[in-house]
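Atoms considered below: every heavy atom in the structure, side chains included; atoms not considered: hydrogens, waters and symmetry mates.
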Amino acid sequence: MAENTATQSATELQDRMLDALSTVIDPELGCDVVNLGLIYGLSMVDSVVTVTMTLTTMGCPVSDVLEQMIDDALTALPEVTAVNINLVWEPAWGIDKMSRYARITLGVH
């Protein structure tokens, strides 16, 4: 039973982290990083969250701004004391990673 409760707590925290990240709007595209499909994974050890993510393009001019916005959004959660960004380029981002909402918002068919 305790294992099931721990799993539920982890899932609930993961959902809250994704909700927090959905407030991070890419200033160039006007859509959040979750719906854009930029977030590849979240993990937490000792209250430190590691965000595995990518950007729409290498050398993205707003990467520093996005990283700060992600840090601010996640450290607002009481369980999170720090955030590490693990920026990856594989798998490469493409419009296929976007949610239906992002496609509609950006007019991608």
Side-chain angles (χ1 to χ4, degrees):
M1 185 72 156
E3 189 175 314
N4 190 25
T5 303
T7 301
Q8 287 175 339
S9 293
T11 300
E12 189 258 328
L13 177 58
Q14 183 98 355
D15 289 345
R16 288 192 300 115
M17 287 191 290
L18 286 171
D19 285 345
L21 289 174
S22 71
T23 67
V24 177
I25 307 298
D26 182 305
E28 289 186 316
L29 298 176
C31 191
D32 69 89
V33 295
V34 174
N35 279 297
L36 284 172
L38 299 178
I39 305 300
Y40 288 176
L42 296 168
S43 62
M44 187 164 84
V45 175
D46 296 331
S47 300
V48 177
V49 174
T50 298
V51 179
T52 300
M53 65 175 291
T54 194
L55 298 171
T56 55
T57 59
M58 216 176 267
C60 176
V62 296
S63 63
D64 290 341
V65 171
L66 280 177
E67 287 185 23
Q68 186 60 57
M69 291 167 56
I70 288 168
D71 187 270
D72 292 345
L74 291 174
T75 55
L77 298 174
E79 298 89 347
V80 179
T81 58
V83 175
N84 291 322
I85 306 286
N86 178 26
L87 196 58
V88 298
W89 300 107
E90 292 292 327
W93 181 86
I95 60 172
D96 60 308
K97 303 258 189 248
M98 294 191 311
S99 70
R100 184 173 185 270
Y101 169 80
R103 289 171 189 253
I104 291 169
T105 300
L106 298 175
V108 175
H109 302 285

In terms of hydrophobic clustering (I, L, V, M, F, W, Y; side-chain heavy atoms under 4.5 Å; direct or indirect links), are Trp89 and Ile85 co-clustered?
yes
State which residues pass salt bridge (charged side-chain N to carboxylate O under 4.0 Å, His left out) with Glu28; sequence neighbours excluded, sorted by chain then number.
none
For a quick check under 3.5 Å, do Gln68 and Asp64 share a side-chain donor-acceptor pair by atom type?
no
Working to the nearest 0.5 Å, report the span between CE of Met98 and CG of Leu38.
10.0 Å
Member of Val65, Leu36, Leu55, Asp32 meeting the side-chain contact (heavy atoms from CB on, under 4.5 Å) criterion with Asp26:
Leu36
List the steps, then state whether side chain to side chain contact (heavy atoms under 4.5 Å, CB included) holds for Leu21 with Leu42.
CA-CA 11 Å; Leu21 289 174; Leu42 296 168; 3.8 Å; yes
Just verifying a value: how many Å separate Asp72 CG and Met69 CE, rounded to the nearest 0.5 Å?
8.5 Å
Are Leu18 and Val51 connected in a single hydrophobic cluster, I mean Ile/Leu/Val/Met/Phe/Trp/Tyr linked by side-chain heavy atoms less than 4.5 Å apart?
yes
So, taking the atom named CG in Leu74 and the one named OG1 in Thr23, what distance separates them when rounded to the nearest 0.5 Å?
8.5 Å
Restricting to non-hydrogen atoms, name the atom on Ile25 and the atom on Leu66 that form the minimum distance, rounded to 0.1 Å.
O-CD2, 4.2 Å
Output yes when a side-chain donor or acceptor of Asp46 lies under 3.5 Å from a complementary backbone atom of Val48, and no otherwise.
no
To the nearest 0.5 Å, tell me how far Gln14 CD sits from Asp19 CG.
11.0 Å
Starting from Val62, can I reach Met58 by hopping between I/L/V/M/F/W/Y residues whose side chains sit under 4.5 Å apart?
yes
Heavy-atom pair with the smallest gap, counting every atom of Met44 and Glu79:
SD-O, 4.0 Å
Joint cluster assignment, Val88 & Met53, ILVMFWY side-chain distance < 4.5 Å
yes
Quick check against the 3.5 Å criterion: does Thr81 have a side-chain atom that pairs as donor or acceptor with the backbone of Ser47?
yes
For residues Val24 and Ala73, report the shortest heavy-atom separation together with the two atoms involved.
CG2-CB, 3.8 Å
By salt bridge (charged side-chain N to carboxylate O under 4.0 Å, His left out) - contacts of Arg103 (at least two apart):
none
side-chain contact (heavy atoms from CB on, under 4.5 Å) with Ser43: which residues, sequence neighbours excluded?
Thr50
Can you tell me if Tyr40 uses its side chain to pair, donor with acceptor, with the backbone of Pro91 under 3.5 Å?
yes
Can you name the nearest heavy-atom pair linking Ser99 to Asn35, along with the distance?
OG-OD1, 2.6 Å
State plainly whether one hydrophobic cluster holds both Trp93 and Val108, where clusters connect Ile, Leu, Val, Met, Phe, Trp and Tyr through side-chain heavy atoms under 4.5 angstrom apart.
yes
d(Leu29 CG, Thr105 OG1) to nearest 0.5 Å is 11.0 Å
